[in-house]
Number of protein chains: 2
Amino acid sequence: MGTVSIRDVATRAGVSPGTISNVLNRPERVAPATRERVLRAIRELGFVRHGSASTLRAGHSRTVGLSVMDIGNPFFTDIAAGVEEAASELGYAVILGNSAGSRAKEERNLLVLAEQRVRGVLITPTDDDPARLDALRDRGIKVVLLDHPAHRPDQCSVTVNDITGGRLAVSHLLERGARRIGYLTGPRTLRQCVDRGKGAAGAVAAAGLDPDTVLDPIETPAMTAKYGQQAAERLLASGSLPEAIFCANDLLAVGMLRGLLQAGVSVPGDIRLIGYDDIDFAAASAVSLSSIRQPTHQLGRIATELLLDECDHPDTHAHQQVVFQPELVIRESTGGRRDPAEPRPEETR
Amino acid sequence: MGTVSIRDVATRAGVSPGTISNVLNRPERVAPATRERVLRAIRELGFVRHGSASTLRAGHSRTVGLSVMDIGNPFFTDIAAGVEEAASELGYAVILGNSAGSRAKEERNLLVLAEQRVRGVLITPTDDDPARLDALRDRGIKVVLLDHPAHRPDQCSVTVNDITGGRLAVSHLLERGARRIGYLTGPRTLRQCVDRGKGAAGAVAAAGLDPDTVLDPIETPAMTAKYGQQAAERLLASGSLPEAIFCANDLLAVGMLRGLLQAGVSVPGDIRLIGYDDIDFAAASAVSLSSIRQPTHQLGRIATELLLDECDHPDTHAHQQVVFQPELVIRESTGGRRDPAEPRPEETR
DNA sequence: AAGATTTGCTAACACGTTTTAATGGATGAG
DNA sequence: CTCATCCATTAAAACGTGTTAGCAAATCTT
């Protein structure tokens, strides 16, 4: 019943506690025979190493933190899956925090992670303020930014070019003839929303048109399907519909689509619609959704590999800002029919 | 730079380390004036309590583990959101593990949780074997089963009646005239799949028909959209289509739907389709999906409250097996049109 | 065969916090 | 004024592991 400690194992195996520690952490330093004996004792006693004691003594743990903005968004769960995969390959556990877009919640989560003395943190920050992250670094906790560019050269980040993404989406809508385009965006404090908007404006300008008259931004408090549908209702109530809508993510797009269809608006007949992220459901939604694909799983995986490289090999580690390129996926919601054969996006470092 | 410890704070505030500990853990035992002085010192030095040291000394942590079968399934992320919400209200952090349906992975995750000396574990087990869970209990880690009935009376569990759910789904299909019904299910090792199948058979029997001739089970290796679509392809290749299909969860249903539509099969015209879980996307899919709704968020919340009650008040804690009742939601995929007004499901304890 | 090196292990301390019993000072009762 | 009571605080002993210096034995070098 009472928890079995390293000394119990030592007694059983007829060696000293230090040897047990060696077997666990530097097996090569201990003779094969003793090692076997110790491992057997561990099995027989059902010994489980006390992570806290280990962390306390060693000064660092075998865990990393992951802070995402919305655990309900498949974009982030895909990332989380990539993170978890890479972390567990390297023997690290992942503590997941959901900031739900709230800065206060993010702060609380980071405090918990700091208390747990995680080795490092992967974070999709809710805003641009580098102060909190620098505070973590000062505590010796490595930080890698996920889907957000590093604000200093000695920091790693993994992003997807959102300006390109916005450009791809809106170029596509322009190509299909739209001249009044709504931009359904989340809070302007989110870099992703701003950048995608910039890309959108860039596409309009590149077509020789005036962004201010072509693009019509609609802002929502959060990037969820619920707010997408609300936006649809407001739009319908306003009476003036654009010819196309670019949604800053697929959840907004799914909600918007639902709102439009319920009101009898035809997509893509009356309004063309494009989303962002290419979540699994985009292809399965009422009208299959054109979208901008991002290499989500890779995003999580690479970020984790960078973080753990920095943790385990701080001397040889080279800081990197990895930028992936997004890819346009055309489906019914923009009237498109181009075969969505799927070459993997190029990675540029 | 170097981490600031409780003694540094003590020195600064001109008190002993023990007093700092009291301020943090039993503020009422320390005079208001000193408390203020200590809190100021903590702020000024940027002290963050060392969770591991605390855990080591106190014998237990302020964290709980959550082990789910598929983090990519909105059903589980909804649960996770409920868990996280309830846990953080009570000052606990959540360590999330994704077993991805693999027993080995689940075992690895549980080991990590045991090493971290989590206070308790919320788990949706991948199989019925109680051994691993009993092992945790023997270590003093409380266990609450999520979406799985307790196998002993001194254990808490929170479930939704899956037999009822299966019955609701198939009764509905029978009502709509179907007499050959496919049951698209995940692995038969999953209790959920078995129970929903039982409910389905029960509904057929209750209608005076023979389950063996009416129901046609199709098993997949995992309950994902991918396998749902594969099943559709196999079904189409076989040439003999049932009149309706009951899918053991919405991901399977979404995949199945996609596969059918791509092949030009009309839903609900040629085949009626119903899923399970009523994830957000069910209402938004190509043909909106009839489904069985479960109170997911509540599931996570109640389970967490039970667990933490057991942790914090072991003496007064009463073990409970909470059973929720699922609810039929009719949409286009079964040709239904009943208004989906949504009374909340009843809770029965 | 004697020194030089390597190998395999031990003993003891350190990590930062919580907790216990003990201390000192203030307060109130007699 | 003394004594008992109470309160805020302290000092020191844990908690279970990792690490370091060091020692004995085994192996290698001339």
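This is a predicted model, so every value here is computed, not measured. Numbered from 1 within each chain, the chains take letters A, B, ... in sequence-line order.
Among the nucleotides dT17(C), dC15(C), dT19(C), the one closest to any side-chain atom of Leu56(A) is dC15(C). Out of dT10(C), dG16(C), dT17(D), the shortest distance to the side chain of Thr3(B) is found at dG16(C).
Considering every non-hydrogen atom in both Thr159(B) and Asp147(B), the closest pair reads CG2-C, 3.8 Å. For Ala150(B) against Leu145(B), the heavy-atom pair with the smallest separation is CA-CD1, 3.5 Å.
Here the P atom of nucleotide dC7(D) and the CZ atom of Arg35(B) are 15 Å apart, to the nearest Å. Spacing between atom CG of Leu24(B) and atom C1' of dT17(C) amounts to 10 Å, rounded to whole angstrom units. Between Ile6(A) atom CD1 and dA12(C) atom C1' the separation is 15 Å, expressed in whole Å. Atom CD1 of Ile20(B) is separated from atom C1' of dT19(C) by 15 Å (rounded to the nearest Å). In this structure, CZ of Arg29(B) is placed 12 Å from P of dA21(C), rounded to the nearest angstrom. Between Arg62(A) atom CZ and dG18(D) atom C1' there is a gap of 14 Å when expressed in whole angstrom units. Here the P atom of nucleotide dT19(C) and the CG atom of Asn25(B) are 7 Å apart, to the nearest Å. For the pair His60(B) NE2 and dT19(C) C1', the interatomic distance rounds to 12 Å; values are reported in whole Å.
Residues Asp129(B) and Arg103(B) are paired through a salt bridge, judged by an N-O separation under 4.0 Å between the basic side chain and the carboxylate. With salt bridges taken as basic N to acidic carboxylate O contacts below 4.0 Å, one links Glu84(A) and Lys105(B).
For Asn22(A), no side-chain nitrogen or oxygen approaches OP1 or OP2 of dG18(D) to under 4.0 Å. The phosphate of dT17(D) (OP1 or OP2) has a side-chain N or O of Ser5(A) nearer than 4.0 angstrom. Residue Arg117(A) places none of its side-chain N or O atoms closer than 4.0 Å to OP1 or OP2 of dG16(C). OP1 or OP2 of dT10(D) sits under 4.0 Å from a side-chain N or O of Thr19(B). Here Arg7(B) does not reach the OP1 or OP2 of dT17(C): none of its side-chain N or O atoms lies under 4.0 Å away. OP1 or OP2 of dT19(C) has at least one side-chain nitrogen or oxygen of Arg26(B) nearer than 4.0 Å. OP1 or OP2 of dT10(C) sits under 4.0 Å from a side-chain N or O of Ser16(A). Proximity of Thr34(A) to the phosphate of dC9(C): a side-chain N or O atom is located under 4.0 Å from OP1 or OP2.
Within the 4.5 Å cutoff, the side chain of Phe75(A) has no heavy atoms near those of the Asp70(A) side chain. Residues His60(A) and Cys311(A) fail the side-chain proximity criterion, which asks for heavy atoms closer than 4.5 Å.
Mapping Ala53(B) and Gly18(B) onto DNA chain D by nearest heavy atom places Gly18(B) at the nucleotide closer to the 5' end. Along DNA chain C, the nucleotide nearest to Arg37(A) and the one nearest to Ser54(B) differ in position, and the one closer to the 5' end is contacted by Arg37(A).
Side-chain atoms of Arg57(B) and base atoms of dT17(C) include no donor and acceptor less than 3.5 Å apart.
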